[in-house]
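Worksheet for the structure shown next.
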Amino acid sequence: MKTCLIVDDSSVIRKVARRILEGLSFTIVEAEDGQQALETCRSNMPDAVLLDWNMPVMDGHDFLKALRRLPGGDKPKVVFCTTENDVVHIARALHAGANEYIMKPFDKEIVEAKFQEVGLI
Amino acid sequence: MTPVEFDYLRHFLKKKSGLALSADKQYLVESRLLPIARRVGAANLGALVARLREPNSEALAMQVVEAMTTNETFFFRDKIPFEHFRTTMMPALLASRAATKRIRIWCTSASSGQEPYSLAMILKDMGAATAGWRIDILATDLASGVIEKARRGSYSQFEVQRGLPIGLLIKHFTQVGDQWQIAPDIRAMVQYRPLNLLCDFANLGMFDVIFCRNVLIYFDEETKIGVLNRLAQVMAPDGFLALGAAETVVGLTRALKPIPDKRGLYAPDRSAESGVGMMRSGAAKLTLVAG
Ligand SMILES: C[S@@+](CC[C@H](N)C(=O)[O-])C[C@H]1O[C@@H](n2cnc3c(N)ncnc32)[C@H](O)[C@@H]1O
């Protein structure tokens, strides 16, 4: 089973995302901010990361840049999932090494389509 | 709605659009047509049926037919046919049409435009390979409402997140308020016009590629056969037909054959003599159905 790290400071979003991704047969790990997420990745690199942008301590963008510099950090497929729904943010995310981008609000269909897009399902 | 009225609507829809409704679809008819009844001031579906039977009810008939269409679609739907387009159909056609540098593509049931625009984006991203070529994409649909939307090329955030890779979104769309507008150069690559697949389309000329996806599923077998046979007649001998994931030519016509190892892809089969026989009878039957 593939693992997906869900990084979001909202427990509600994490719960919704967890339910969707478990339905797609992922094992879920959660983190509340970029710093926590980075620590998780250092000890156990996931196959996928579903990543919020705005979070306390370390935001999603900084996390992604740090992740891509870690040994094996190029491996996880990173899908942003954020309310930052404009071209500038999307371009910055892709530049930092994001594989896909979900604009909130999202539903199961969108998550599934995006995870398919990057070859996770 | 009485059984007689439901029966009338079933026959009416089959004749007008090919839609084959099973007897258990009364709820569907009701949910789709009650809003129309209300809009035109008919008290119930019985009254709407009575109006449909009146002379000069063509405009109302069109509304009813359109309301019963299912327009579900998304960008790069099912992926595989679009991969086939990029890696099989286009390379073959770029080689075989090098003298004329002309390729004609037809999306027969394009709905709100995601399918033809997906093809247009692929062509655009082929860049230099198609420079100097004239590649036409004709996109048609029975329903005028979706054609209008397709022409506008403006999609909601939800629509652009189904099937469209994020890289293509920021490359070929601009954000206008909460909508995403497809780029003018992509939009200009597709011509839209209304067309009913039950009607004669031989006057459209010959095509190298036809996408006829997720529409035959709504037809009964006889109508499928008729449409497939007439599609075969407007295909170049080395042309390609892409059907939907749940559609096939197998068992329906010998005028078309599956292309080995290319799921959902078909080619004209002019070798089969009996195929021609089936082709003619299919077309004749269909004229009756469509008339
Ligand atoms: C489910 S959509 C498929 C759209 C697109 N081809 C795809 O695969 O995503 C089916 C479309 O077929 C159109 N349609 C139904 N009956 C038709 C007919 N007789 N002639 C042409 N189009 C028809 C409907 O209006 C609808 O937009």
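Scope of the values below: all heavy atoms of this structure, side chains included, with no hydrogens, waters or symmetry mates. Proteins get letters first, then strands, A, B, ... in listed order; numbering begins at 1 in each.
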Exercise for review: Identify the two heavy atoms, one from B:G163 and one from A:A113, that lie closest to each other, and give their separation to 0.1 Å.
Suggested key: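 Closest heavy-atom pair between B:G163 and A:A113: N-CB, 4.2 Å.
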N/O donor-acceptor pairs between chain B and chain A, cut-off 3.5 Å:
unit_1 : atom_1 : unit_2 : atom_2 : d
B:K79  : NZ     : A:E117 : OE1    : 3.3
B:Q157 : OE1    : A:N85  : ND2    : 3.1
B:Q157 : NE2    : A:M103 : O      : 3.3
B:Q157 : NE2    : A:K104 : O      : 3.0
B:Q161 : OE1    : A:M103 : N      : 2.8
B:Q161 : NE2    : A:M103 : O      : 2.9
B:R162 : NE     : A:E109 : OE1    : 2.7
B:R162 : NH2    : A:E109 : OE1    : 2.7
B:L164 : O      : A:K114 : NZ     : 3.3
B:I166 : N      : A:E100 : OE2    : 2.9
B:Q175 : NE2    : A:N85  : O      : 2.4

Point to revise | Under 4.5 Å from a heavy atom of chain A, the part of B:L169 involved | key: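 Answer is side chain: those atoms of B:L169 sit under 4.5 Å from chain A.
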Check your understanding: Name the one of A:I90, A:V79, A:V118 that satisfies side chain to side chain contact (heavy atoms under 4.5 Å, CB included) with B:I166?
Key ->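 Result: among A:I90, A:V79, A:V118, A:I90 is the only option passing the side chain to side chain contact (heavy atoms under 4.5 Å, CB included) with B:I166.
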Review point. Under 6.0 Å from the CG atom of B:D185, do we count more than 12 heavy atoms belonging to anything else shown?
Key: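 Counting neighbours around CG of B:D185, more than 12 heavy atoms of other residues, nucleotides or ligands fall under 6.0 Å, so yes.
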